[in-house]
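Here is the structure we will look at, set down as structure tokens.
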Amino acid sequence: MKKTTGMDRAATANWRPATRAVRGGTWRSEHGETSEALFLTSGYTYDDAQTVADRFAGEAEGMTYSRLQNPTVAMLEERIALMEGAEACRAQASGMAAMTAALLCQLSAGDHVVAARAAFGSCRWLVDHLLPRFGIETTVIDSAVDGEWDAAIRPNTKVFFFETPANPTLDVVDLTYVCDLAKAHGIVTVVDNAFATSALQRPLEFGADVIAYSATKLMDGQGRVLAGAVCGSRAFIDEVLLPFQRNTGPNLSPFNAWVVLKGLETLDLRAQAQSRAALELGRFIEPRLAGAGGRMLHPGLPSHPRHDLATRQMPRGTGPIFAFELPGGRAQAFALLDALELVDISNNIGDARTLMCHPASTTHANMGAEARGEMGVTEGLVRINVGLEDLDDLKEDLDRALSAAGL
Ligand SMILES: *Cc1c(COP(=O)(O)O)cnc(C)c1O
């Protein structure tokens with residue numbers, strides 16, 4: 001009997017998450033290759049004129065141009081959709097291409113968006129600067145206060161847009177509450193799931209409508225390529241996202257799709273191992289901070305204001321990223337970063353390497369002091385992505401750097 005291909009939805013639907021991550025979407029050519037094939041082609045040829053006419057008319061299956069379909073990209077899309085529990089997915093050139101497409105494909109002048117104030121810097125730029133330029137009203141709220149979502153709704157509210165856990169303050173949104181509220185008002189929820197990924201949190205199970213990803217982070221997991229994805233119902237992807245995407249072209253290259261396919265094979269293992277290491281490192285650092293008047297922001301630790309909710313929404317681990325605030329402001333944060341010998345100073349996340357950064361002077365520098373203050377991105381805040389190195393080496397490095405910074 002022929003082995004199931006990962007493109008057969010009925011056959012793959014019962015696969016457990018780790019199996020989906022390794023085999024989902026695998027679509028073998030006539031050569032029977034083990035690893036996914038890399039189709040570096042922009043176009044396709046046809047045996048006769050009627051074949052291509054039928055494809056353009058939508059009356060026959062088949063590829064016509066890589067802005068519309070590509071076999072390697074299609075494998076990634078099917079794998080991500082399967083892992084997310086979504087009917088459909090379209091890959092994007094980067095996480096920001098995914099966010100922009102997920103919003104602009106469905107918004108028009110006169111619509112209103114409610115967005116979380118704690119967000120990736122460029123996500124805030126979309127909400128604060130890009131959408132208003134096109135006559136789309138926006139309101140930013142404290143996403144961790146349920147009542148602020150209710151209070152911000154207007155008759156023209158079309159979309160709720162948020163991350164959970166959020167960058168870089170690790171705010172946790174109550175997915176069930178916010179998605180139920182949105183449904184009751186006919187509002188579409190767009191969730192940026194980059195910090196958790198489907199390995200740790202599946203927002204569709206809590207009632208979310210659209211999941212937008214930076215696959216650059218945990219999905220690639222090894223800091224190699226920029227990539228993104230948007231997942232949702234078949235109707236949303238085909239009828240709302242696709243007309244926007246095929247005519248504006250934020251497409252992912254087949255090569256980058258292939259790299260992410262390889263990354264996904266180990267996502268389940270990495271996400272859990274990095275979550276465990278982040279929890280241990282958080283436990284190691286927290287007493288040092290508390291003694292000096294600092295503050296830990298880690299959804300996996302009981303000191304987080306929404307720890308119980310975070311562990312309910314992410315039962316398999318709360319992710320590799322956490323942040324903490326040093327009482328001595330920027331000078332102390334820089335002293336800590338400069339004393340690191342193993343851990344790299346880097347603003348990337350989700351990588352197998354442990355990386356640390358100072359959001360106020362990097363990822364959140366452009367948004368201005370007022371927005372930073374509102375979001376809780378203080379001068380003493382540092383963010384860490386915990387990788388796959390030996391935990392004892394990481395503890396030694398952090399121990400040395402914390403001491404050098406006077407903690
Ligand atoms: C990195 C990131 C993005 C943007 O993704 P790119 O791939 O860098 O374009 C969006 N949202 C969150 C939460 C991120 O961490």
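Just so it is clear, the structure is predicted and the values come from calculations on it, not from any experiment. FYI, the numbering just counts along the sequence from 1. Just so you know, ligand 1 is whichever comes first in the structure, and atom 1 is the first atom listed for that ligand. What's counted below: heavy atoms across the whole structure, side chains too, no hydrogens, waters or symmetry copies.
Asn193 and Gln201 share a donor-acceptor pair across their side chains, judged by distance under 3.5 Å alone. In the model, Asn366 has no side-chain atom that pairs as donor or acceptor with a side-chain atom of Arg124 under 3.5 Å.
With sequence neighbours excluded, no residue satisfies side-chain contact (heavy atoms from CB on, under 4.5 Å) with Ala331. Remark: Glu61 engages no residue in a side-chain contact (heavy atoms from CB on, under 4.5 Å) (not counting sequence neighbours). Applying the side-chain contact (heavy atoms from CB on, under 4.5 Å) rule to Ala21 yields the partners Met83; only residues at least two apart in sequence or on another chain are considered.
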Which protein N or O atoms sit under 3.5 Å from any N or O of ligand 1? Give each pair with its distance.
from     : atom 1 : to     : atom 2 : distance (Å)
ligand 1 : 5 (O)  : Ser214 : OG     : 3.0
ligand 1 : 7 (O)  : Gly95  : N      : 2.8
ligand 1 : 7 (O)  : Ser214 : OG     : 2.8
ligand 1 : 7 (O)  : Thr216 : OG1    : 2.6
ligand 1 : 9 (O)  : Gly95  : N      : 3.1
ligand 1 : 9 (O)  : Met96  : N      : 2.8
ligand 1 : 11 (N) : Asp192 : OD2    : 2.6
ligand 1 : 15 (O) : Lys217 : NZ     : 2.8

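Using cut-offs of 30° and 60° on the angle between ring planes, the pair Phe120 and His364 is perpendicular.
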